[in-house]
Amino acid sequence: MTRTPVAEILKSESAAETALVQGWVRTKRDSKAFSFIEINDGSCLSNLQIVADATLDGYDESVLPLTTGASVSIEGKIIPSQGKGQQWEMQATSVTMLGEAESDFPLQKKGHSMEFLRSIAHLRPRSNLFGAVFRVRSRMAYSIHRFFQERGFLYVHTPIITGSDCEGAGEMFRVVTTAGEEIKLGDDEFFGDPTYLTVSGQLEGETFACALSNIYTFGPTFRAENSHTSRHASEFWMIEPEIAFCDLNQDMDLAEEMLKFLVSDVLESCAEDLQFFDRFIDKGLIERLEWVRDRKFERVSYTEAVELLQKSGQTFEYPVEYGANLQSEHERYLTETHFQCPTTVYNYPKEIKPFYMRRNDDGKTVAAMDLLVPGIGEIVGGSQREERLTILRENMKEHDLQEDDYWWYVDLRRYGSVPHAGFGLGFERLLMFVTGVANIRDVIPFPRTPGSADF
RNA sequence: UCCUCUGUAGCUCAGCGGUAGAGCGGGUGGCUGUUAACCACUAGGUCGUUGGUUCGAAUCCAACCGGAGGAGCCA
(Lines give C-alpha, C1' and ligand atoms only; values in the text may rest on other atoms or scores of the structure.)
Protein backbone atom coordinates (compact mmCIF):
# COMPACT_ATOMS: atom_id res chain seq x y z
CA MET A 1 0.00 0.00 0.00
CA THR A 2 1.30 3.48 -0.79
CA ARG A 3 1.39 6.25 1.76
CA THR A 4 -1.40 8.82 1.67
CA PRO A 5 -0.37 12.32 2.80
CA VAL A 6 -2.25 13.61 5.83
CA ALA A 7 -3.33 16.67 3.83
CA GLU A 8 -5.13 14.41 1.38
CA ILE A 9 -6.89 12.39 4.08
CA LEU A 10 -8.13 15.52 5.81
CA LYS A 11 -9.64 16.68 2.51
CA SER A 12 -11.50 13.35 2.04
CA GLU A 13 -15.04 13.50 0.78
CA SER A 14 -15.98 10.06 2.01
CA ALA A 15 -14.81 7.38 4.41
CA ALA A 16 -12.24 4.85 3.23
CA GLU A 17 -11.85 1.17 4.10
CA THR A 18 -8.11 1.32 4.29
CA ALA A 19 -5.22 3.78 4.09
CA LEU A 20 -1.58 3.99 5.08
CA VAL A 21 -0.19 7.08 6.81
CA GLN A 22 3.36 7.67 7.94
CA GLY A 23 4.70 10.54 9.97
CA TRP A 24 5.82 11.79 13.36
CA VAL A 25 3.85 11.70 16.59
CA ARG A 26 2.95 15.19 17.77
CA THR A 27 1.04 14.08 20.86
CA LYS A 28 -0.58 11.03 22.33
CA ARG A 29 -3.37 10.74 24.88
CA ASP A 30 -4.00 7.37 26.50
CA SER A 31 -7.06 6.13 28.33
CA LYS A 32 -7.83 2.65 29.57
CA ALA A 33 -9.41 1.27 26.42
CA PHE A 34 -7.61 3.20 23.66
CA SER A 35 -5.10 5.86 22.71
CA PHE A 36 -5.39 8.95 20.58
CA ILE A 37 -2.28 9.57 18.50
CA GLU A 38 -1.89 12.74 16.50
CA ILE A 39 0.54 12.51 13.65
CA ASN A 40 1.95 15.07 11.26
CA ASP A 41 3.82 14.41 8.03
CA GLY A 42 4.46 17.99 6.97
CA SER A 43 1.95 17.88 4.14
CA CYS A 44 -0.18 20.41 5.97
CA LEU A 45 -0.42 22.21 9.29
CA SER A 46 -3.11 19.96 10.77
CA ASN A 47 -2.44 16.62 12.39
CA LEU A 48 -4.36 13.44 11.72
CA GLN A 49 -5.96 11.91 14.79
CA ILE A 50 -5.52 8.16 15.04
CA VAL A 51 -7.64 6.05 17.38
CA ALA A 52 -5.84 2.89 18.51
CA ASP A 53 -7.87 0.43 20.58
CA ALA A 54 -6.11 -1.37 23.41
CA THR A 55 -7.26 -4.64 21.82
CA LEU A 56 -5.09 -3.97 18.77
CA ASP A 57 -2.41 -6.58 18.03
CA GLY A 58 0.89 -5.36 19.44
CA TYR A 59 -0.72 -2.43 21.31
CA ASP A 60 1.63 -2.81 24.29
CA GLU A 61 4.76 -2.90 22.12
CA SER A 62 3.95 -0.38 19.39
CA VAL A 63 1.37 2.08 20.76
CA LEU A 64 2.07 2.49 24.47
CA PRO A 65 5.78 3.34 24.02
CA LEU A 66 5.06 6.11 21.50
CA THR A 67 6.13 9.55 22.63
CA THR A 68 6.17 12.93 20.97
CA GLY A 69 8.68 12.87 18.13
CA ALA A 70 8.57 9.13 17.37
CA SER A 71 8.04 8.06 13.76
CA VAL A 72 5.20 5.71 12.90
CA SER A 73 3.59 3.82 10.09
CA ILE A 74 -0.13 3.25 10.59
CA GLU A 75 -2.78 1.46 8.60
CA GLY A 76 -6.47 1.86 9.27
CA LYS A 77 -9.91 3.02 8.23
CA ILE A 78 -10.77 6.62 7.54
CA ILE A 79 -13.99 7.41 9.39
CA PRO A 80 -15.91 10.51 10.47
CA SER A 81 -14.68 11.61 13.89
CA GLN A 82 -16.93 11.27 16.90
CA GLY A 83 -15.13 14.08 18.65
CA LYS A 84 -15.19 17.79 18.00
CA GLY A 85 -12.17 19.47 16.45
CA GLN A 86 -11.69 17.36 13.36
CA GLN A 87 -13.88 16.00 10.60
CA TRP A 88 -11.96 12.79 9.85
CA GLU A 89 -9.90 10.42 11.90
CA MET A 90 -8.26 7.07 11.39
CA GLN A 91 -9.29 3.91 13.24
CA ALA A 92 -6.01 2.03 13.34
CA THR A 93 -5.78 -1.60 12.33
CA SER A 94 -1.99 -1.76 12.58
CA VAL A 95 0.57 0.52 14.22
CA THR A 96 4.32 0.20 13.71
CA MET A 97 6.83 2.36 15.50
CA LEU A 98 9.60 3.08 12.99
CA GLY A 99 11.86 5.06 15.28
CA GLU A 100 11.46 5.93 18.94
CA ALA A 101 12.14 9.44 20.23
CA GLU A 102 14.42 9.45 23.25
CA SER A 103 13.08 11.04 26.40
CA ASP A 104 14.98 14.29 25.94
CA PHE A 105 13.29 15.04 22.59
CA PRO A 106 13.37 18.82 22.75
CA LEU A 107 10.13 19.79 21.02
CA GLN A 108 7.24 19.97 23.42
CA LYS A 109 3.66 20.96 22.90
CA LYS A 110 3.94 24.20 24.80
CA GLY A 111 5.64 27.27 23.36
CA HIS A 112 9.36 27.46 22.71
CA SER A 113 11.44 30.57 22.28
CA MET A 114 12.55 31.33 18.73
CA GLU A 115 16.15 31.44 20.01
CA PHE A 116 15.93 27.89 21.30
CA LEU A 117 14.36 26.65 18.06
CA ARG A 118 17.23 28.20 16.10
CA SER A 119 19.63 26.14 18.19
CA ILE A 120 17.84 23.00 16.98
CA ALA A 121 17.51 23.98 13.33
CA HIS A 122 17.60 20.28 12.41
CA LEU A 123 14.40 19.61 14.36
CA ARG A 124 12.48 22.86 14.13
CA PRO A 125 10.80 22.01 10.80
CA ARG A 126 8.80 19.52 12.89
CA SER A 127 7.12 22.36 14.76
CA ASN A 128 3.87 23.90 13.58
CA LEU A 129 5.43 27.29 12.96
CA PHE A 130 8.44 26.14 10.98
CA GLY A 131 6.47 23.59 9.01
CA ALA A 132 4.20 26.44 7.94
CA VAL A 133 7.10 28.80 7.18
CA PHE A 134 8.83 26.30 4.94
CA ARG A 135 5.68 25.27 3.13
CA VAL A 136 5.15 28.96 2.34
CA ARG A 137 8.81 29.33 1.34
CA SER A 138 8.47 26.48 -1.14
CA ARG A 139 5.24 27.86 -2.56
CA MET A 140 6.67 31.35 -2.94
CA ALA A 141 9.70 30.01 -4.82
CA TYR A 142 7.36 28.17 -7.17
CA SER A 143 5.18 31.24 -7.51
CA ILE A 144 8.13 33.46 -8.43
CA HIS A 145 9.13 31.12 -11.22
CA ARG A 146 5.53 30.98 -12.37
CA PHE A 147 5.22 34.79 -12.42
CA PHE A 148 8.27 35.24 -14.62
CA GLN A 149 7.86 32.16 -16.77
CA GLU A 150 4.25 33.08 -17.60
CA ARG A 151 5.51 36.44 -18.81
CA GLY A 152 8.16 35.00 -21.07
CA PHE A 153 11.18 35.65 -18.82
CA LEU A 154 14.08 33.20 -19.12
CA TYR A 155 15.71 31.83 -15.98
CA VAL A 156 19.46 32.48 -16.02
CA HIS A 157 21.94 30.87 -13.63
CA THR A 158 24.50 33.54 -12.86
CA PRO A 159 27.74 32.41 -11.20
CA ILE A 160 28.11 32.00 -7.46
CA ILE A 161 31.90 32.31 -7.59
CA THR A 162 32.74 35.53 -9.33
CA GLY A 163 35.63 37.88 -9.98
CA SER A 164 33.40 40.91 -10.39
CA ASP A 165 32.21 43.24 -7.69
CA CYS A 166 28.69 44.58 -8.01
CA GLU A 167 29.88 47.80 -6.43
CA GLY A 168 27.72 49.24 -3.70
CA ALA A 169 26.20 45.90 -2.75
CA GLY A 170 28.39 45.29 0.29
CA GLU A 171 31.43 43.45 1.61
CA MET A 172 32.36 40.16 -0.04
CA PHE A 173 33.57 36.74 1.03
CA ARG A 174 36.88 35.73 -0.56
CA VAL A 175 37.08 32.30 -2.20
CA VAL A 176 40.30 30.43 -1.52
CA THR A 177 41.47 26.84 -1.73
CA THR A 178 42.84 24.90 1.19
CA ALA A 179 45.93 22.76 1.32
CA GLY A 180 45.55 20.94 4.57
CA GLU A 181 44.99 23.70 7.09
CA GLU A 182 46.91 26.23 5.06
CA ILE A 183 44.90 28.84 3.19
CA LYS A 184 46.36 29.90 -0.11
CA LEU A 185 46.26 33.53 -1.11
CA GLY A 186 48.08 35.64 -3.65
CA ASP A 187 50.26 33.82 -6.19
CA ASP A 188 48.43 30.55 -5.84
CA GLU A 189 44.99 31.86 -6.81
CA PHE A 190 43.07 28.86 -8.08
CA PHE A 191 41.31 30.93 -10.74
CA GLY A 192 44.33 33.07 -11.56
CA ASP A 193 42.68 36.20 -10.20
CA PRO A 194 41.02 36.75 -6.83
CA THR A 195 37.47 35.48 -6.62
CA TYR A 196 34.54 36.06 -4.30
CA LEU A 197 31.12 34.72 -3.49
CA THR A 198 28.61 36.73 -5.46
CA VAL A 199 26.84 39.67 -3.85
CA SER A 200 24.51 40.03 -6.82
CA GLY A 201 23.97 38.45 -10.20
CA GLN A 202 22.89 41.75 -11.69
CA LEU A 203 25.89 42.59 -13.87
CA GLU A 204 25.96 39.11 -15.36
CA GLY A 205 22.17 39.24 -15.64
CA GLU A 206 22.44 42.38 -17.75
CA THR A 207 24.58 40.56 -20.29
CA PHE A 208 21.83 38.00 -20.77
CA ALA A 209 19.07 40.62 -20.91
CA CYS A 210 21.09 42.23 -23.69
CA ALA A 211 20.67 39.04 -25.69
CA LEU A 212 17.51 37.27 -24.52
CA SER A 213 15.54 40.44 -23.64
CA ASN A 214 13.72 39.37 -20.48
CA ILE A 215 15.53 37.28 -17.91
CA TYR A 216 15.54 36.65 -14.18
CA THR A 217 17.91 35.06 -11.73
CA PHE A 218 16.95 33.31 -8.50
CA GLY A 219 19.79 32.08 -6.35
CA PRO A 220 21.89 32.49 -3.25
CA THR A 221 23.92 35.61 -2.58
CA PHE A 222 26.48 36.36 0.08
CA ARG A 223 27.32 39.48 2.04
CA ALA A 224 30.16 39.71 4.52
CA GLU A 225 28.67 42.75 6.27
CA ASN A 226 28.98 42.55 10.04
CA SER A 227 25.27 43.23 10.46
CA HIS A 228 23.49 42.32 13.66
CA THR A 229 19.83 42.87 12.94
CA SER A 230 16.74 40.78 12.45
CA ARG A 231 16.70 41.61 8.74
CA HIS A 232 20.22 40.64 7.61
CA ALA A 233 21.87 37.31 6.92
CA SER A 234 25.26 36.51 5.41
CA GLU A 235 23.68 34.06 2.97
CA PHE A 236 20.30 34.80 1.47
CA TRP A 237 18.37 34.27 -1.74
CA MET A 238 17.63 36.94 -4.24
CA ILE A 239 15.49 37.29 -7.33
CA GLU A 240 16.84 39.67 -9.96
CA PRO A 241 14.86 40.27 -13.15
CA GLU A 242 16.52 42.28 -15.91
CA ILE A 243 14.47 43.62 -18.79
CA ALA A 244 15.72 44.99 -22.08
CA PHE A 245 13.88 47.84 -23.82
CA CYS A 246 12.52 48.95 -20.47
CA ASP A 247 12.54 52.20 -18.53
CA LEU A 248 12.15 52.97 -14.84
CA ASN A 249 8.36 53.30 -14.98
CA GLN A 250 7.94 49.88 -16.54
CA ASP A 251 10.42 48.52 -13.99
CA MET A 252 8.34 49.89 -11.10
CA ASP A 253 5.17 48.54 -12.73
CA LEU A 254 6.71 45.08 -12.89
CA ALA A 255 7.89 45.13 -9.27
CA GLU A 256 4.45 46.12 -8.02
CA GLU A 257 2.69 43.61 -10.24
CA MET A 258 5.00 40.89 -8.99
CA LEU A 259 4.44 41.69 -5.32
CA LYS A 260 0.66 41.71 -5.81
CA PHE A 261 0.86 38.42 -7.70
CA LEU A 262 2.89 36.76 -4.96
CA VAL A 263 0.67 38.05 -2.16
CA SER A 264 -2.46 37.02 -4.01
CA ASP A 265 -1.05 33.54 -4.59
CA VAL A 266 0.01 32.97 -0.98
CA LEU A 267 -3.42 34.03 0.27
CA GLU A 268 -5.01 31.46 -1.98
CA SER A 269 -2.53 28.56 -1.75
CA CYS A 270 -1.38 28.75 1.85
CA ALA A 271 -4.61 29.76 3.58
CA GLU A 272 -4.30 27.35 6.52
CA ASP A 273 -0.69 28.31 7.24
CA LEU A 274 -1.49 32.03 6.98
CA GLN A 275 -4.34 31.62 9.46
CA PHE A 276 -1.83 30.10 11.85
CA PHE A 277 0.54 33.06 11.42
CA ASP A 278 -2.34 35.50 11.77
CA ARG A 279 -3.37 33.88 15.01
CA PHE A 280 -0.04 33.23 16.72
CA ILE A 281 2.65 35.36 15.06
CA ASP A 282 1.23 38.55 13.64
CA LYS A 283 -2.38 39.48 14.31
CA GLY A 284 -3.86 41.31 11.35
CA LEU A 285 -1.49 39.68 8.84
CA ILE A 286 -4.18 38.40 6.49
CA GLU A 287 -6.02 41.71 6.47
CA ARG A 288 -2.77 43.49 5.63
CA LEU A 289 -1.97 41.07 2.82
CA GLU A 290 -5.45 41.44 1.36
CA TRP A 291 -4.93 45.16 1.45
CA VAL A 292 -1.66 44.86 -0.45
CA ARG A 293 -3.34 42.64 -3.00
CA ASP A 294 -6.29 44.98 -3.54
CA ARG A 295 -4.95 48.51 -3.07
CA LYS A 296 -2.95 50.61 -5.46
CA PHE A 297 0.61 51.24 -4.30
CA GLU A 298 1.84 54.76 -3.74
CA ARG A 299 4.70 56.22 -5.75
CA VAL A 300 6.73 59.32 -4.80
CA SER A 301 9.99 60.77 -6.00
CA TYR A 302 12.83 60.98 -3.53
CA THR A 303 12.53 64.80 -3.61
CA GLU A 304 8.81 64.63 -2.79
CA ALA A 305 9.48 62.10 -0.05
CA VAL A 306 12.05 64.36 1.57
CA GLU A 307 9.68 67.34 1.49
CA LEU A 308 6.89 65.22 2.84
CA LEU A 309 9.03 64.00 5.74
CA GLN A 310 10.24 67.51 6.51
CA LYS A 311 6.66 68.81 6.60
CA SER A 312 5.40 65.86 8.64
CA GLY A 313 6.03 67.56 11.98
CA GLN A 314 7.56 64.30 13.19
CA THR A 315 10.79 64.40 15.12
CA PHE A 316 13.22 61.87 13.73
CA GLU A 317 16.40 60.70 15.37
CA TYR A 318 18.21 61.36 12.10
CA PRO A 319 17.46 64.62 10.31
CA VAL A 320 15.82 64.49 6.90
CA GLU A 321 17.87 66.33 4.33
CA TYR A 322 18.15 66.20 0.59
CA GLY A 323 21.15 64.14 -0.42
CA ALA A 324 21.12 61.72 2.48
CA ASN A 325 19.82 58.17 2.42
CA LEU A 326 16.38 57.62 3.89
CA GLN A 327 16.78 56.02 7.31
CA SER A 328 14.76 53.07 8.56
CA GLU A 329 12.61 55.42 10.63
CA HIS A 330 11.89 57.58 7.56
CA GLU A 331 10.89 54.62 5.44
CA ARG A 332 8.73 53.38 8.26
CA TYR A 333 6.97 56.74 8.55
CA LEU A 334 6.18 56.75 4.82
CA THR A 335 4.72 53.24 4.65
CA GLU A 336 3.28 52.85 8.13
CA THR A 337 2.05 56.33 9.01
CA HIS A 338 1.75 58.53 5.96
CA PHE A 339 0.62 56.25 3.13
CA GLN A 340 -0.13 53.11 5.13
CA CYS A 341 0.58 50.92 2.13
CA PRO A 342 3.55 49.76 0.06
CA THR A 343 5.30 52.77 -1.43
CA THR A 344 7.82 53.11 -4.24
CA VAL A 345 10.36 55.91 -3.91
CA TYR A 346 12.21 56.80 -7.13
CA ASN A 347 14.81 59.20 -8.61
CA TYR A 348 17.46 59.29 -5.90
CA PRO A 349 20.44 61.68 -5.81
CA LYS A 350 23.22 60.16 -7.89
CA GLU A 351 25.79 60.55 -5.10
CA ILE A 352 24.17 57.92 -2.91
CA LYS A 353 23.65 55.31 -5.65
CA PRO A 354 26.01 52.98 -7.58
CA PHE A 355 27.67 53.72 -10.91
CA TYR A 356 25.42 51.59 -13.11
CA MET A 357 22.22 53.54 -12.50
CA ARG A 358 21.00 55.75 -15.32
CA ARG A 359 21.54 59.48 -14.95
CA ASN A 360 18.36 61.54 -15.27
CA ASP A 361 18.11 64.64 -17.45
CA ASP A 362 18.27 66.92 -14.40
CA GLY A 363 21.90 65.84 -13.98
CA LYS A 364 21.37 65.41 -10.23
CA THR A 365 19.37 62.23 -9.84
CA VAL A 366 19.47 58.68 -11.15
CA ALA A 367 16.61 56.42 -12.25
CA ALA A 368 16.59 54.30 -9.10
CA MET A 369 13.66 52.96 -7.16
CA ASP A 370 13.02 51.26 -3.82
CA LEU A 371 9.77 49.48 -3.04
CA LEU A 372 9.09 49.86 0.67
CA VAL A 373 6.60 47.78 2.62
CA PRO A 374 5.19 48.33 6.11
CA GLY A 375 7.06 46.44 8.82
CA ILE A 376 10.03 45.41 6.69
CA GLY A 377 11.22 48.49 4.86
CA GLU A 378 12.98 47.97 1.55
CA ILE A 379 11.88 44.76 -0.12
CA VAL A 380 12.80 45.61 -3.72
CA GLY A 381 15.61 47.84 -4.96
CA GLY A 382 16.08 48.51 -8.64
CA SER A 383 16.97 50.95 -11.36
CA GLN A 384 17.14 51.71 -15.02
CA ARG A 385 20.73 50.98 -16.06
CA GLU A 386 22.98 53.49 -17.75
CA GLU A 387 23.07 52.37 -21.38
CA ARG A 388 25.03 55.38 -22.77
CA LEU A 389 28.71 54.57 -23.09
CA THR A 390 30.13 58.02 -22.40
CA ILE A 391 27.97 58.64 -19.36
CA LEU A 392 28.69 55.18 -17.94
CA ARG A 393 32.42 55.94 -18.28
CA GLU A 394 31.93 59.26 -16.48
CA ASN A 395 30.05 57.52 -13.69
CA MET A 396 32.79 54.97 -13.26
CA LYS A 397 35.35 57.72 -13.01
CA GLU A 398 33.27 59.54 -10.40
CA HIS A 399 33.06 56.31 -8.39
CA ASP A 400 36.81 55.66 -8.72
CA LEU A 401 36.30 52.43 -10.63
CA GLN A 402 38.75 51.00 -13.14
CA GLU A 403 37.17 50.40 -16.53
CA ASP A 404 39.44 47.38 -17.03
CA ASP A 405 37.73 45.60 -14.15
CA TYR A 406 34.36 45.98 -15.90
CA TRP A 407 35.46 45.67 -19.53
CA TRP A 408 32.78 43.18 -20.45
CA TYR A 409 30.09 45.27 -18.75
CA VAL A 410 31.23 48.32 -20.71
CA ASP A 411 31.21 46.24 -23.91
CA LEU A 412 27.43 45.88 -23.62
CA ARG A 413 27.28 49.64 -24.28
CA ARG A 414 29.60 49.36 -27.28
CA TYR A 415 27.74 46.67 -29.16
CA GLY A 416 24.04 47.30 -29.68
CA SER A 417 23.29 48.99 -26.38
CA VAL A 418 19.63 49.21 -25.38
CA PRO A 419 17.72 50.86 -22.54
CA HIS A 420 17.20 48.28 -19.84
CA ALA A 421 16.19 48.06 -16.21
CA GLY A 422 15.85 45.56 -13.41
CA PHE A 423 15.49 45.06 -9.71
CA GLY A 424 16.45 42.79 -6.84
CA LEU A 425 13.96 41.19 -4.47
CA GLY A 426 15.20 39.74 -1.22
CA PHE A 427 13.47 36.37 -0.96
CA GLU A 428 13.69 36.16 2.84
CA ARG A 429 12.36 39.71 3.21
CA LEU A 430 9.42 38.69 1.06
CA LEU A 431 8.84 35.70 3.32
CA MET A 432 8.99 37.84 6.44
CA PHE A 433 6.42 40.10 4.85
CA VAL A 434 3.97 37.35 3.91
CA THR A 435 4.35 35.26 7.08
CA GLY A 436 4.71 38.04 9.65
CA VAL A 437 7.79 36.26 11.06
CA ALA A 438 9.95 39.00 12.56
CA ASN A 439 13.45 37.55 12.18
CA ILE A 440 15.18 36.58 8.93
CA ARG A 441 16.81 33.64 10.76
CA ASP A 442 13.38 32.07 11.03
CA VAL A 443 12.46 32.06 7.34
CA ILE A 444 15.66 30.40 6.02
CA PRO A 445 16.33 26.73 6.80
CA PHE A 446 19.85 27.11 8.17
CA PRO A 447 20.66 30.76 8.76
CA ARG A 448 24.19 32.13 8.41
CA THR A 449 24.89 35.29 10.37
CA PRO A 450 28.10 36.83 11.70
CA GLY A 451 29.54 34.42 14.24
CA SER A 452 27.08 31.66 13.46
CA ALA A 453 27.07 29.01 10.73
CA ASP A 454 25.93 25.88 12.56
CA PHE A 455 24.58 22.84 10.75
C1' U B 1 31.64 48.53 14.26
C1' C B 2 28.55 51.08 18.19
C1' C B 3 24.60 50.97 22.16
C1' U B 4 21.28 47.89 25.32
C1' C B 5 19.39 43.36 27.40
C1' U B 6 20.18 38.20 28.65
C1' G B 7 22.38 33.00 30.27
C1' U B 8 19.06 28.36 36.65
C1' A B 9 16.24 20.79 35.03
C1' G B 10 15.05 18.24 28.13
C1' C B 11 11.78 23.12 27.49
C1' U B 12 9.33 27.85 29.66
C1' C B 13 10.53 30.39 33.84
C1' A B 14 10.56 31.78 39.44
C1' G B 15 14.32 32.39 43.19
C1' C B 16 18.31 38.04 43.55
C1' G B 17 23.53 36.96 50.11
C1' G B 18 21.81 31.73 54.39
C1' U B 19 20.23 23.63 52.54
C1' A B 20 18.13 24.64 44.36
C1' G B 21 11.82 25.46 43.08
C1' A B 22 7.18 25.26 39.79
C1' G B 23 4.67 24.12 35.23
C1' C B 24 5.34 21.34 30.89
C1' G B 25 8.08 17.15 28.88
C1' G B 26 10.04 11.82 30.66
C1' G B 27 8.90 7.26 33.86
C1' U B 28 5.07 4.40 36.84
C1' G B 29 -0.06 3.75 38.04
C1' G B 30 -5.26 5.39 37.21
C1' C B 31 -9.30 7.24 34.02
C1' U B 32 -15.29 4.82 28.50
C1' G B 33 -13.90 9.85 23.04
C1' U B 34 -9.56 12.87 24.18
C1' U B 35 -8.19 17.90 21.53
C1' A B 36 -1.68 22.16 24.69
C1' A B 37 -6.71 15.96 27.92
C1' C B 38 -7.18 14.97 33.17
C1' C B 39 -5.69 12.73 38.45
C1' A B 40 -1.73 10.57 41.69
C1' C B 41 3.26 9.23 42.52
C1' U B 42 8.36 9.60 40.73
C1' A B 43 13.33 10.45 38.47
C1' G B 44 15.94 14.70 36.79
C1' G B 45 20.42 20.50 38.08
C1' U B 46 28.96 21.66 38.77
C1' C B 47 22.63 27.81 38.54
C1' G B 48 27.35 29.72 30.86
C1' U B 49 33.02 29.71 32.18
C1' U B 50 37.09 31.60 35.04
C1' G B 51 38.60 34.64 38.83
C1' G B 52 37.39 37.99 42.95
C1' U B 53 34.48 40.06 47.45
C1' U B 54 32.25 37.44 51.81
C1' C B 55 31.90 33.27 57.63
C1' G B 56 28.71 31.95 53.43
C1' A B 57 27.53 33.36 46.20
C1' A B 58 22.57 30.98 41.54
C1' U B 59 22.27 35.86 44.00
C1' C B 60 27.38 41.15 44.50
C1' C B 61 31.95 42.59 41.22
C1' A B 62 35.34 41.73 36.83
C1' A B 63 36.85 39.34 32.47
C1' C B 64 35.70 35.89 28.83
C1' C B 65 32.15 32.81 25.98
C1' G B 66 27.17 32.10 24.04
C1' G B 67 22.15 34.21 22.74
C1' A B 68 18.91 38.39 21.59
C1' G B 69 17.17 43.53 20.36
C1' G B 70 18.32 48.29 18.16
C1' A B 71 21.64 51.59 14.99
C1' G B 72 24.73 51.85 10.67
C1' C B 73 25.29 49.06 5.93
C1' C B 74 21.93 46.74 2.74
C1' A B 75 18.15 42.71 0.21
Side-chain angles (χ1 to χ4, degrees), chain A residues 26-38 46-54 64-70 79 81-86 89 91 100-120 123 127-128 166 168-171 199-202 220-240 255 280 317-318 324-329 331 352-354 370-373 376-382 423-433 438-444 449-452 454:
Chain A
R26 281 295 177 80
T27 175
K28 183 180 64 127
R29 297 176 287 272
D30 296 320
S31 66
K32 196 176 187 178
F34 43 82
S35 298
F36 294 104
I37 310 162
E38 285 198 38
S46 298
N47 303 325
L48 177 65
Q49 174 164 288
I50 315 279
V51 184
D53 283 334
L64 284 182
L66 290 176
T67 57
T68 302
I79 55 171
S81 178
Q82 294 173 33
K84 291 171 189 157
Q86 61 281 316
E89 67 187 17
Q91 180 73 48
E100 66 162 349
E102 295 182 18
S103 65
D104 59 354
F105 181 67
L107 284 168
Q108 59 177 46
K109 284 172 282 181
K110 291 203 173 185
H112 291 286
S113 66
M114 299 298 263
E115 292 80 3
F116 171 69
L117 290 166
R118 275 170 219 151
S119 74
I120 51 164
L123 296 174
S127 67
N128 285 333
C166 190
E171 296 298 315
V199 291
S200 166
Q202 183 200 313
T221 43
F222 307 87
R223 303 278 169 92
E225 299 288 346
N226 194 14
S227 294
H228 293 263
T229 82
S230 54
R231 299 180 310 284
H232 292 86
S234 309
E235 177 182 298
F236 63 99
W237 285 61
M238 196 152 61
I239 297 98
E240 296 182 288
F280 294 108
E317 193 182 338
Y318 291 86
N325 260 313
L326 296 180
Q327 305 291 318
S328 300
E329 56 176 343
E331 295 180 351
I352 56 172
K353 290 293 179 184
D370 284 345
L371 174 50
L372 313 174
V373 295
I376 310 289
E378 184 183 338
I379 196 168
V380 167
F423 61 80
L425 166 73
F427 188 46
E428 283 76 19
R429 296 243 174 121
L430 171 74
L431 290 170
M432 291 166 73
F433 183 63
N439 196 309
I440 195 167
R441 286 172 261 235
D442 302 322
V443 295
I444 190 164
T449 52
S452 170
D454 294 333

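In what follows, chains are A, B, ... by sequence order, proteins preceding strands, each numbered from 1.
The minimum heavy-atom distance linking A/Ile444 with A/Glu428 is given by the pair CD1-OE2, 3.4 Å. In terms of heavy-atom proximity, A/Gln82 sits nearest to A/Glu89 at N-OE2, 4.1 Å.
For A/Arg29 against B/C31, no side-chain N or O and base N or O form a donor-acceptor pair under 3.5 Å. If you check distances only, the side chain of A/Ser227 does reach the base of B/C73 with a donor-acceptor pair under 3.5 Å. Interface remark: the A/Glu102 side chain does not form any donor-acceptor pair with the B/G10 base, using a distance-only criterion of under 3.5 Å. Side-chain atoms of A/His112 stay outside donor-acceptor range of the base of B/C11, with no qualifying N/O pair under 3.5 Å. The base of B/G33 sits with one of its N or O atoms less than 3.5 Å from a complementary donor or acceptor on the side chain of A/Glu89. For A/Glu115 and B/G67, a side-chain-to-base donor-acceptor distance below 3.5 Å is absent, hydrogens and geometry of angles not being considered.
Put simply, A/Phe236 rests on the base of B/A75: the two rings are less than 5.5 Å apart at their centres and nearly parallel, under 30°.
Nucleic acid contact class of A/Arg231 (heavy atoms, under 4.0 Å, all strands): base. Within the 4.0 angstrom heavy-atom criterion, base atoms lie near A/Phe34. Within 4.0 Å (heavy atoms only), A/Glu378 reaches sugar-phosphate atoms of the nucleic acid but no base atom.
Base pairing analysis places B/A58 opposite nothing; no Watson-Crick or G-U wobble pair with both distances below 3.5 Å involves it.
Regarding A/Gln86, its CD atom lies at a distance of 11 Å from the P atom of B/U35, rounded to whole Å.
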